[in-house]
Amino acid sequence: MILHELISYDVLRVIWWLLLGVLLIGFAVTDGFDLGVGTLLPFVARTDVERRVAINTIGPVWEGNQVWLILGGGAIFAAWPPLYAVSFSGFYLAMFAILFALILRPVGFKYRSKREDPRWRSAWDWALFVGGFVPALIFGVAIGNVLRGVPFRLDGDLRIFYDGTFFGLLNPYALLCGLVSVAMLVMHGGAWLAFKADGMVAVRARGFASAAALATIALFALGGLGLWQFVDGYQVTSALSATGPSNPLGKTVATAHGAWLDNYALRPWTIAAPALGFAGALLAFALLRARKPLAALLASGLSIAGIILTVGFAIFPFLLPSSADPRASLTVWDASSSHMTLFIMLVCAVIFVPIILAYTSWVYYVLRGKVTEAGVTDASKHAY
């Protein structure tokens, strides 16, 4: 028996669907607090030293955290080529805006303290705010458009045609999802600052994170209500082989009111995902008020995982539904790479992901402890 046949094609497809979710959660939980800190920077820190404290809580770790974004993009490229082609071409301007904002972050870290001019430093502080807020918002907007369906179609040769516009992505429901994303990452970033920073920065961050936790609960509930009342879901209405070749046009798909909620009726255990989203945010709020920032940080991470899983469970087996031609919608069963490719990638993931986790854990262990005002003003520590 050929080695890759030890795991069937349908199982490999599900494994990579799960791994894609893990990578997205890993990015949101790790780099998410970096984005949250950037968004909070102009508000939690009122003096130059306080802003340096906030920046130094994430300065040494943000590059490592961003590895999860690279892994997620690479996984989409290799495991789900049609998904990569449609999303990275159709969302081109949105991706460009995200990349522009993310590029501001390392530049801001490196150049902010090169001059002591207050206007110079203030300008870079707002650049870091843009580098946190814009990606947080646009990632959520993208998820909102996935739930609504993306206007793309395929011809008989599986060539992709995108019929949408950048401003068409900024519809009310997608913007609501963007606000959910901003709120949950501000909650997470504030919890990180409450845990990692010292003095008034931590005190103010705890207040902002508490408010963001309540906003996350309210906006998440509003997003679910909107999904039920105003967004049509998608259903595969024909036979679809879980082990067949990848050809999205080999099925028929219909839209139906409230169809995205059907999976929760078919698989009641999936209700654990939205429950985790709500419970994690509520627990984070309570722990922040109780001045237990580490536990609050873990709780906010669980909330983020629950919110992302809620979307994944709701749309399964869809990866990217098409509003222009529903039958062109990409699913787990008809948009993957070959059996051999998925197997080779799985072997690589089994080898390298534990190494990344071990190295990341070691880095956080070495960098343990709070960032203090005395520490950032000590030039011998080479602080940002």
Side-chain angles (χ1 to χ4, degrees), residues 24-25 28-29 32-33 35-40 42-44 129 132-148 169-194 203-231 233 257-258 260-261 263-264 270-293 295-315:
L24 293 176
I25 291 171
V29 171
F33 66 71
L35 301 179
V37 170
T39 304
L40 286 172
F43 311 106
V44 298
F129 165 80
F133 177 79
V134 170
L137 179 68
I138 294 181
F139 282 132
V141 167
I143 295 299
N145 280 284
V146 169
L147 290 167
R148 294 182 72 251
L169 299 175
L170 304 179
N171 55 81
Y173 185 77
L175 289 173
L176 172 61
C177 292
L179 292 178
V180 174
S181 176
V182 171
M184 73 179 190
L185 295 185
V186 167
M187 168 185 66
H188 200 46
W192 170 259
L193 282 174
V203 172
R204 297 188 194 106
R206 187 164 58 246
F208 277 104
S210 299
L214 295 179
T216 299
I217 293 171
L219 291 169
F220 187 36
L222 192 58
L225 181 62
L227 192 67
W228 175 42
Q229 290 290 332
F230 304 111
V231 178
H257 180 70
W260 285 144
L261 303 180
N263 276 342
Y264 292 105
T270 57
I271 296 175
L276 183 62
F278 285 116
L282 184 60
L283 185 59
F285 171 81
L287 291 168
L288 284 164
R289 305 312 295 175
R291 300 176 183 271
K292 297 181 178 179
L297 180 67
L298 297 175
S300 66
L302 290 175
S303 178
I304 291 172
I307 291 172
I308 293 174
L309 289 172
T310 296
V311 176
F313 289 156
I315 68 174

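Note that the numbering runs from 1 along the sequence shown for the chain.
The line from NE2 of His188 to CG of Leu298 is 9.0 Å long, rounded to the nearest 0.5 Å. Rounding to the nearest 0.5 angstrom, the gap separating the CG atom in Leu179 from the CG atom in Leu222 is 9.5 Å. Rounding to the nearest 0.5 Å places CD1 of Ile304 at 11.0 Å from CG of Leu276. If you take CZ on Phe33 and CG on Leu193, they are separated by 9.5 Å, rounding to the nearest 0.5 Å. Expressed to the nearest 0.5 Å, how far OG of Ser300 lies from CG of Leu287 amounts to 9.5 Å. Remark: Ile307 CD1 to Phe278 CZ distance equals 8.0 Å, nearest 0.5 Å.
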After noting the C-alpha distance and the side-chain angles of Leu309 and Ile25, does the key distance pass the side chain to side chain contact (heavy atoms under 4.5 Å, CB included) rule? CA-CA 8 Å; Leu309 289 172; Ile25 291 171; 3.9 Å; yes

As a quick check of understanding, evaluate side chain to side chain contact (heavy atoms under 4.5 Å, CB included) for Tyr173 and Phe230, giving each step before the final call. CA-CA 9 Å; Tyr173 185 77; Phe230 304 111; over 6 Å; no

Kindly indicate, with the supporting measurements, whether the criterion side chain to side chain contact (heavy atoms under 4.5 Å, CB included) is fulfilled by Phe220 and Thr310. CA-CA 10 Å; Phe220 187 36; Thr310 296; 3.7 Å; yes

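In this structure, the side chain of Asn263 does not engage the main chain of Leu261 through any donor-acceptor pair within 3.5 Å. A donor-acceptor pair is defined here as one N or O able to donate and one able to accept, closer than 3.5 Å; such a pair exists between the side chain of Trp260 and the backbone of Leu147. In this structure, His257 contributes its side chain and Trp228 its backbone to a donor-acceptor pair below 3.5 Å. The main-chain N or O of Phe285 is never found under 3.5 Å from a side-chain atom of Ser210 such that the two would form a donor-acceptor pair. Without hydrogens or angle criteria, Ser181 side chain to Ala136 main chain gives a donor-acceptor distance under 3.5 Å.
Closest of all the heavy-atom pairs between Ala28 and Leu185 is O-CD2, 3.8 Å. For the pair Val44 and Arg204, the tightest heavy-atom approach, listed with the atom from each and the gap, is O-NH1, 2.9 Å. Scanning both residues, Met187 and Ala209, for their nearest heavy atoms gives O-CB, 3.7 Å. When all heavy atoms of Phe133 and Thr39 are compared, the closest pair comes out as N-OG1, 3.2 Å. Taking both residues in full, the closest heavy atoms of Pro274 and Tyr264 are given as CD-CE2, 4.0 Å, listed atom of the first, atom of the second, then distance. Nearest heavy atom pair, residue Ala174 against residue Asn145, reads CB-ND2, 3.4 Å.
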